[in-house]
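Hydrogens, waters and symmetry mates play no part in the numbers below; they use all other heavy atoms, side chains included. Keep in mind that what you see is a predicted model, and the values were worked out from it rather than measured.
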Amino acid sequence: MAKKYYPIVSLVIFAILSSYTNIHAQVSPITVKKSETRHGPGKGSLIIIGGGGSTPKIQEKFLELAGGKENARIVVITAALGDSAAYSTRSAERIKEQLGVEDVTVLHTKSLVEANSDAFLEPLKRATAVWFEGGRQWRTADSYLNTRTHQAFWDVLNRGGVIIGSSAGASIQGSFLWRGDTSGAHILVGDHTQGLGFLKNSVIDQHLLRRNRAFDLVEFIRKAPDLIGIGLDEATAILVQKDTLEVIGRSYAVIYDHNTIIGKGNNAHVVDGVREDYTASNGPFFFLYEGQKYDLANRKVIPIPPRRREGTPPAFPPLDSIRAEIHGVNPRSITLPSPSSEAYAKVSPITVKKKSATRHGPEKGSLIIAGSGFTPDVWAKFLELAGGKENANIVVITAAAGDTATNRTAEGIKRRFGIENVITLHTKSLEVANSEEFIEPLKKATGVYFEGGRQWRTADSYLNTLTHQAFLDVLDRGGVIIGGSAGATIQGSFLWRGDTAGPHILIGDHTQGLGFLKNSAIDQHLLRRNRMFDLVDFIRNAPDIIGIGLDETAAILVQRDTLEVIGDSYAVIYDHNTIAGKGNNNHVVDGKEGKTENYTASNGPFFFLHKGQKYDLDNRKVIDIPRKRPEGLAPKAEPPSDQQKETDQSKKTKKK
C-alpha cells in the first residue's frame with residue numbers, strides 16, 4: 001500500500017514580514033521534510049498543556065515517555081520568560097523535585113548566533129525530552145525559529161523522545177503562532193505568526209475556558225481550512241503521537257475544524273432525531289474530555305466504549321417494597337393527569353407570591369444546583385447549610401428515577417456523613433403529594449435533595465401540589481435545596497429537556513419546573529455532553545429568562561440574587577443581552593496600560609464562570625473578585641518583581 005504524504009501548508013494569511021524574519025532566513029535556515037502525517041509528528045510524542053498547572057497523570061505520562069526516572073534526560077527551554085530567565089534555575093529544581101529526575105539542563109539564549117552554535121545545542125544531542133516553559137511565545141520564536149537548535153528539537157522527536165510545553169510552551173508547538181504579538185496576548189494575530197511547528201498545520205490556544213477564550217479561534221479557522229485549531233483549558237493536555245490526539249487532565253480540549261465551523265462537519269448533536277451525540281455540538285467547536293481520542297488525519301472523534309464509574313453501589317430494593325414505610329400508599333393505583341391539564345388546577349393549586357424581593361434567586365434559604373455529581377466541597381456546603389451533622393434533617397426526593405427509585409441515596413448520606421435524620425419521599429400520585437401525611441417530614445426538614453433521572457417525572461409528581469409548597473417552605477425557613485442532573489433542571493422555572501421521549505428534545509411536553517430559581521432555564525452535563533450551544537436560541541427569544549448551564553462536577557450556590565460557582569468545573573451563563581451583542585461581550589478592554597483581555601467576558605453568546613466566581617443575577621453581571629492561581633500542580637516560575645531584582649542586585653554588590 002502506497003504511503004500517503006501530507007505537504008506542510010505555509011499559510012501567510014497576514015503578510016507580516018518583519019526584520020527578524022529576514023535575519024532568520026539569512027542566518028539559520030533548516031530543512032523540513034515531507035511528512036507521512038497530516039498534523040502530528042512522524043516519530044516521538046508531544047504533550048501540550050493549557051497552562052495553570054499540571055496533574056499527576058500528565059506528569060506520569062511525560063516521565064514514562066522521557067525514559068523513566070533513571071533514564072530521562074530533560075532539557076528545559078526558558079526563552080519565553082525573557083529577562084526573568086536568569087531565575088530559571090527554579091524551573092530545573094521544580095522539575096527535579098516533582099519528577100525525581102536528576103538529569104535536567106536549562107538552555108537559555110536570546111541570540112540566533114548562539115542558537116546556531118555547537119556548544120549551545122550539545123545537551124539536546126543526548127536529550128530524551130524537551131520542556132518549554134510558559135511566558136510569551138514570541139520570545140521563544142525570536143530565539144530559536146529556523147535555527148540549528150530548532151532542528152535539534154526535531155531530532156529529539158525523531159529519536160522517539162517527547163516535547164512538552166504549557167501555556168506559551170503550548171502555543172509555540174503549533175505551526176501558526178497564536179497570540180504572538182509583542183504588545184500582549186490580547187492580540188490574536190500579531191507581529192509573530194510562525195511557531196516551531198511540531199504539530200503541523202495547527203494553531204493552539206491555551207487557558208481557554210478559564211480566560212473565556214473559547215470563541216477566539218472560530219473566525220480564524222473559518223478562513224483557514226487546512227489548519228486544525230486546538231484550544232486547551234488549564235491543567236489539561238493533549239498527547240499527540242502520529243495523527244492520534246488523546247486528552248489528559250482535569251478539564252477539556254476544544255477542537256476547531258473548518259468543516260464543523262461552516263456546518264459540514266461535527267455538528268450533528270442529535271442523531272436521527274432520537275438521541276444525542278455527545279461528541280458533537282450544535283456550534284462551531286466541540287469539547288473532548290480526558291480519555292477521549294481524536295483522529296487528526298481524518299478529523300473525527302475516535303469512539304471509545306462507555307464504562308461505568310469506579311465503585312459498585314450497594315444493592316437496595318426498589319421503592320415498591322418500602323413504600324408502606326414511607327407514605328403508606330401505592331401510587332400505581334392512581335392515574336396521573338397531564339401536568340398541563342385542568343386536573344392540576346382542580347386537584348393541587350398552590351399560592352405563589354406575585355411580588356418577589358429577588359429577580360431570580362430565593363428570598364430566603366439557599367439553592368445548590370449541580371451539573372451531575374457532587375464534589376466534597378459541594379457536599380460540605382450542603383451539610384453546613386442544612387444545619388450540620390447534628391442538626392441536619394434531610395428529605396430525599398426520588399421521583400425522577402421513576403420505577404427504578406431506591407432508598408440508596410438516603411442510606412448513603414447516613415453512612416457517609418453520620419447523619420441520622422434522612423428520609424426518602426417517593427410518589428407518582430398527585431393525591432398522595434397533596435396529603436398532609438406525605439408532607440409531614442418536610443415540615444421539619446432543613447434540606448431537600450432531588451435525585452437525578454428524568455425531570456418530567458418530578459414535575460408529574462409534585463408540580464403545584466402541597467408538597468411543592470412544602471419545598472418552598474423549607475427555603476422560607478432558611479433551609480437548602482440541592483439537586484444534580486435532572487435534580488438541577490427541575491429547580492428552574494422553565495423545564496429544559498422535559499420531554500417524555502428523551503432529553504434530546506429541548507422543549508417538550510413538560511415545560512414548567514418547580515421554579516425555585518425564578519425566570520430561569522437550567523441545563524446540565526453541559527460540556528461533557530457538548531450541550532453548550534443548545535440554550536442560545538431559546539434565550540435569544542426569552543429576554544426575561546436567565547440561562548444557566550452546568551458541567552459535571554460543577555455547581556452553583558444561589559442565595560438571593562447572588563450566584564457563586566462551587567465544585568470543580570464550569571458554569572455557563574446565557575443572558576439575552578450577551579446573545580444579542582449588547583451584554584458581556586467585551587473580551588478585550590481598555591486597561592491601565594492599554595488594551596487587555598477581560599477574562600469574565602467572551603466573544604460569543606455565552607461565557608464561563610469558574611470556581612469561586614460570583615454573578616449578580618439581578619443586574620446580570622459578573623462580580624469582580626481578586627485573581628488568584630487555581631489549585632493544581634507545577635505552577636510555572638514567576639518572573640521576579642522589581643523589588644526582588646533590587647534585593648538580588650544588592651546582595652551581589654555586598655559580595656563584591
Side-chain angles (χ1 to χ4, degrees), residues 209 212 214-215 218 252 254 267-270 276-278 280-287 359-361 367 369-372 454-456 459 483-499 502-552 554-556 558 563 565 569-585 601-610 615 617 620-622:
L209 307 183
N212 270 298
F215 289 91
V218 173
Y252 295 90
V254 181
N267 301 79
H269 183 61
V270 175
E276 289 182 274
D277 177 2
Y278 297 155
S281 81
N282 287 325
F285 52 78
F286 56 94
F287 284 57
R359 183 177 182 183
H360 295 286
L367 305 176
I369 308 173
S372 176
R454 290 287 179 262
Q455 46 265 36
W456 61 266
S485 191
T489 300
I490 195 64
Q491 295 189 53
S493 58
F494 188 94
L495 194 62
W496 194 242
R497 301 185 190 276
D499 199 274
H504 62 285
I505 299 175
L506 305 182
I507 300 174
D509 50 23
H510 293 61
T511 57
Q512 188 177 352
L514 297 181
F516 307 138
L517 190 67
K518 302 183 292 291
N519 305 321
S520 71
I522 303 169
D523 206 355
Q524 14 80 5
H525 300 276
L526 198 79
L527 309 183
R528 181 97 173 180
R529 296 186 180 179
N530 273 298
R531 291 173 167 178
M532 52 276 181
F533 290 94
D534 292 357
L535 269 167
V536 173
D537 285 333
F538 177 78
I539 299 298
R540 190 192 308 278
N541 296 308
D544 293 322
I545 292 182
I546 188 75
I548 297 172
L550 296 161
D551 192 33
E552 297 184 2
I556 55 172
V558 182
L563 175 161
V565 181
S569 194
Y570 292 90
V572 178
I573 301 297
Y574 302 84
D575 170 54
H576 172 77
N577 286 331
T578 301
I579 293 170
K582 300 176 183 179
N584 201 37
N585 301 79
S602 80
N603 288 323
F606 53 80
F607 57 94
F608 298 82
L609 295 177
H610 59 73
Y615 185 73
L617 288 163
R620 301 282 182 92
K621 65 179 183 179
V622 179

| remark: Output for pair (L514 CG, I490 CD1), nearest 0.5 Å, gives 4.0 Å
| remark: To the nearest 0.5 Å, atom CD1 of I548 lies from atom CH2 of W496 at 13.5 Å
| query | Are N577 and R620 side-chain neighbours, meaning at least one heavy-atom pair lies under 4.5 Å? | reply | no
| task | Please round to the nearest 0.5 Å and tell me the distance separating atom CZ of R359 and atom OG of S520. | result | 12.0 Å
| message | Any side-chain to backbone donor/acceptor pair from D551 onto R528? Under 3.5 Å, distance only. | response | yes
| message | Parallel, tilted or perpendicular, judged at 30° and 60°: which one describes the rings of Y252 and F287? | response | perpendicular
| remark: Between P284 and F533, the two heavy atoms sitting closest are CD-CZ, 3.3 Å
| query | Does some side-chain heavy atom of S569 sit less than 4.5 Å from a side-chain heavy atom of E552? | reply | no
| Side-chain donor/acceptor of H360 to backbone N/O of N519, under 3.5 Å | yes
| message | Testing the basics here: between V622 and L609, what is the closest heavy-atom pair and its distance to 0.1 Å? | response | CG2-CD2, 4.0 Å
| Which heavy atom of N212 sits nearest a heavy atom of A601, and at what distance? | CB-O, 3.1 Å
| message | Within the 4.5 Å heavy-atom criterion, are F285 and V218 side-chain neighbours or not? | response | yes
| Under 3.5 Å donor-acceptor, Y574 side chain and M532 backbone | yes
| said: Would the distance check show the side chain of R531 and the main-chain N or O of L526 forming a donor-acceptor pair, the cut-off being under 3.5 Å? | reply: no
| query | Does N530 use its side chain to pair, donor to acceptor, with the backbone of F286 at less than 3.5 Å? | reply | no
| For L535, the option from D523, I545, I579, I522 that meets side-chain contact (heavy atoms from CB on, under 4.5 Å) | D523
| task | Report yes or no: does N603 contribute a side-chain atom to a donor-acceptor pair with the main-chain N or O of F215 at less than 3.5 Å? | result | no
| request: Rounded to the nearest 0.5 Å, what's the gap from CD1 on I573 to CD1 on I546? Could you check? | output: 5.5 Å
| field | Nearest-0.5 Å distance that lies between atom OG in S281 and atom CG in L527 | value | 11.0 Å
| task | Examine distances only and state if a side-chain atom of K518 and a backbone atom of G361 form a donor-acceptor pair shorter than 3.5 Å. | result | yes
| H504 side chain vs V270 backbone, donor-acceptor pair below 3.5 Å | no
| field | Side-chain H-bond candidate by donor/acceptor type, Q524 with T489, under 3.5 Å | value | yes
| request: Flag the pair F538 / F494 as yes when their ring centroid distance falls below 6.0 Å, and as no otherwise. | output: yes
| Option from E276, H510, R454 for which side-chain contact (heavy atoms from CB on, under 4.5 Å) with R497 holds | E276
| request: Please check if the side chain of Q455 supplies one atom and the backbone of L495 the other of a donor-acceptor pair under 3.5 Å. | output: no
| task | Any chance you could measure Q512, atom CD, to S493, atom OG, to the nearest 0.5 Å? | result | 8.5 Å
| field | Side chain H576, main chain R540, donor-acceptor under 3.5 Å | value | yes
| request: Sequence neighbours left out, what passes side-chain contact (heavy atoms from CB on, under 4.5 Å) with I505? Give chain and number order. | output: D499, A501
